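Just so you know, residue 1 is the first one in the sequence shown, and it goes up from there. Source: prediction; values computed, not measured.
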Amino acid sequence: MPYSLNLSKTGAILLALFLSLPLLSIFTELLYVIFQNLNTQDSNEILTIKENLNHFFSYLFIKFLKDTFLVLLGVLSLSFIIGVSSAYLVANFEFYFSNILEKLLILPLAIPAYILAFIYVGIMDYQGVFYELFHFRINFFNIYGVIFVLSISLFPYIFMFAKTAFQSEAKELIEVAKTTGYSEFKIFFKVAIFTAKPAIMSGLMLVFMETLSDYGASAYYGVDTFSAGIFKLWYDLNDSYSSAVLSGFLMIFVFLVMYLEYQNKTKRKYSFNQNLKIFIQKRKLSKYKASLASLYCFIIALIGFILPFIWLLYWGLQDTKIFESEFYIMAIKTLALAGITALIVTLLAYFLSFVARVSKSHWFSICIIKLSSLGYAIPGAAIGIGVMIMFIILNNIFGFALLGNSLLVLIFAYMVRFLATAIYSLEGGYNKIHTQSDEASLFINPSYKTLFLKIHTPLLKHFLWLSFIIVFIDTIKELPLSRMLAPFGFETLGVKAFWYASDERIYDAALPSLCIVILSLLVILWIQKLSKE
């Protein structure tokens, strides 16, 4: 029994280290660049590195930094305003169609930001519905277009966290605020937001990560964020050194923000209402205010989901490719790739979660989980660069080339990116299984294999299925990794949609985008149903 546990712990350590290699490869490349610059030998390679880095820092780096900062500032601000205000209305008041609007406000998550970017160009540009009705166009090909699209796509993260926090506020807080003469406006700003701050910060952190990870919307609208810049340097300028440097800066920035956020959480302590009987009760609004609240939430839902989905449905079903076998072959390939990835990632996440649980060392468990989950915090473009550098190094050492001709590299990149998602899904299940169940099982039959297969697996089957579904849909929606690492001639639905849109064939991008959105929508609705049950 100890032998099998030690073997499992060794396997978990090796797996976690292997999955962190792409991130370490970027810093290896950075150290190599620094070493070459310090080396005084006058070679062509050194001159190339110096010229590329000089051009990068002289002309490009400030531009990437400025655009990324402005996009982050705009998206965090706008998504905060939309998410918190709509969540407060839905959680605290009864108004017309509030229950329906509450569900609709989550659905923008079903439409990836890069698809939303195509849609609004199709709606607002020349020959679009908006232009035909009002005879002028709105130009989205700028930084404001990126901020709008990302905010509309990502605000549901803040909405979901804030709504739950607002609903769980104790009603005594509201009653005390009213007795002191606070207006509804003051209650919102001086009581509600303060008590919901931890939840709102969690939502903002997710929006922050997703904004940094965005490649499709920024690249399509021509905004040079860090993720879009990594692509431009690697592919357009053929500058792998500067691309690695930019990826390294991005990773360091993300780790610094994560560290500061962790320190803020550990320093501040919050208490939460646990008594369901004193949860906040929805208050009725006057007809005028109820109408305004309904209109406000409906406009958000209309812009974020209803209008884009109707546009996709209309143009997607008109596309003649719906009758062509090539489209279905591409769709089947995408689904097969997502299914294989989701299965592998879920099994690996289950193995790591199990070893972390049965390990007696708390620090061992934390290190294994955190080391395996680093990929979630790193934008896809940076992971793609790390994976390419890693396999180039392995090719130089062992002499086998996988880049460009194998789906294994792409699946490995997906594993690095989405393993954390699967682990977090399983953690919810493991938190519901008392450790005494493990002790009883091992007392009756001292076998970790039995505990793994016959005790935990039946108890976690719903969470294993949830993990599979979430990773499955994340893989279908993923764009930067699929575009960077897919073998020649292999295209996913997301890559095909982006290729059509980049080639100014907006309406051709509707059908593959529609497939992605419908699959994402079904998953979100299924998860909502599961959470109620």
Side-chain angles (χ1 to χ4, degrees), residues 11-12 14-26 112 213 215-216 231 234 247 329-353 371-395 398 400-426 464-496 498 512 515-516 519-520 523:
L14 293 176
L15 177 60
L17 289 173
F18 183 62
L19 291 170
S20 64
L21 280 180
L23 310 183
L24 298 175
S25 298
I26 291 178
S213 297
Y215 159 72
F231 266 83
W234 188 280
S247 300
I329 291 172
M330 179 181 61
I332 290 170
K333 285 181 178 179
T334 303
L335 295 176
L337 176 64
I340 293 169
T341 301
L343 180 62
I344 294 173
V345 169
T346 298
L347 291 176
L348 292 180
Y350 187 22
F351 169 70
L352 290 171
S353 299
L371 196 61
S372 306
S373 304
L374 286 176
Y376 178 75
I378 306 302
I383 291 176
I385 295 297
V387 169
M388 285 192 280
I389 293 172
M390 170 185 164
F391 279 95
I392 289 171
I393 294 172
L394 291 176
N395 178 42
F398 300 106
F400 60 90
L402 285 176
L403 280 176
N405 58 14
S406 175
L407 284 174
L408 294 176
V409 176
L410 181 57
I411 292 174
F412 173 74
Y414 287 149
M415 289 163 53
V416 175
R417 183 81 171 94
F418 299 128
L419 188 66
T421 305
I423 288 175
Y424 294 150
S425 300
L426 293 173
L464 289 167
W465 176 241
L466 178 64
S467 167
F468 178 89
I469 289 295
I470 292 175
V471 175
F472 178 84
I473 204 63
D474 280 346
T475 304
I476 291 174
K477 292 163 63 176
E478 174 64 29
L479 178 62
L481 290 178
S482 303
R483 189 159 182 245
M484 294 177 80
L485 300 172
F488 180 76
F490 186 94
E491 291 180 314
T492 63
L493 290 168
V495 172
K496 194 68 173 178
F498 185 83
C515 290
I516 295 172
L519 288 169
S520 304
V523 169

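Side-chain atoms of T334 come within 3.5 Å of backbone N or O of L493 as a donor-acceptor pair.
The structure places CD1 of I383 at 6.0 Å from CG of L481, a figure rounded to the nearest 0.5 Å. One distance of note links OG1 of T341 with CG of L337; it measures 4.5 Å at 0.5 Å rounding. Put simply, OH on Y215 and CZ on R483 are 3.5 Å apart, with the number rounded to the nearest 0.5 Å.
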* Evaluate side-chain contact (heavy atoms from CB on, under 4.5 Å) for M484 paired with V387, printing each intermediate quantity in order. => CA-CA 10 Å; M484 294 177 80; V387 169; over 6 Å; no

* **Working for side-chain contact (heavy atoms from CB on, under 4.5 Å), residues M415 and I411** => CA-CA 6 Å; M415 289 163 53; I411 292 174; 4.2 Å; yes

* Asked: Where do I423 and Y350 land on the side-chain contact (heavy atoms from CB on, under 4.5 Å) test, with the steps shown first?
  -> CA-CA 7 Å; I423 288 175; Y350 187 22; over 6 Å; no

* **Worked check of ring pair (Phe, Tyr, Trp, His ring centres under 6.0 Å) between Y424 and F418** => CA-CA 10 Å; Y424 294 150; F418 299 128; over 10 Å; no

* Asked: Please walk me through it: do L519 and L335 pass side-chain contact (heavy atoms from CB on, under 4.5 Å)?
  -> CA-CA 10 Å; L519 288 169; L335 295 176; 3.7 Å; yes

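Between F391 and F412, the angle of the ring planes goes over 60°, which puts this pair in the perpendicular group of the 30/60° scheme.
Counting only heavy atoms from C-beta outward, the side chains of L343 and F472 never approach each other to under 4.5 Å. The side-chain heavy atoms of L407 and L410, taken from C-beta on, include a pair separated by under 4.5 Å. Looking at I389 and P22, their side chains never come closer than 4.5 Å, going by heavy atoms from C-beta outward. Using a 4.5 Å heavy-atom cutoff, the side chains of C515 and M330 are not in contact.
What you find for P480 and A381 is that their closest heavy atoms are CB-N, 4.0 Å.
Among residues at least two apart or in separate chains, there is no side chain to side chain donor-acceptor pair (under 3.5 Å) pair with a member in residues 379-394.
Residues meeting the side chain to side chain contact (heavy atoms under 4.5 Å, CB included) test with S482, sequence neighbours left out: Y414, E478, T492, V495.
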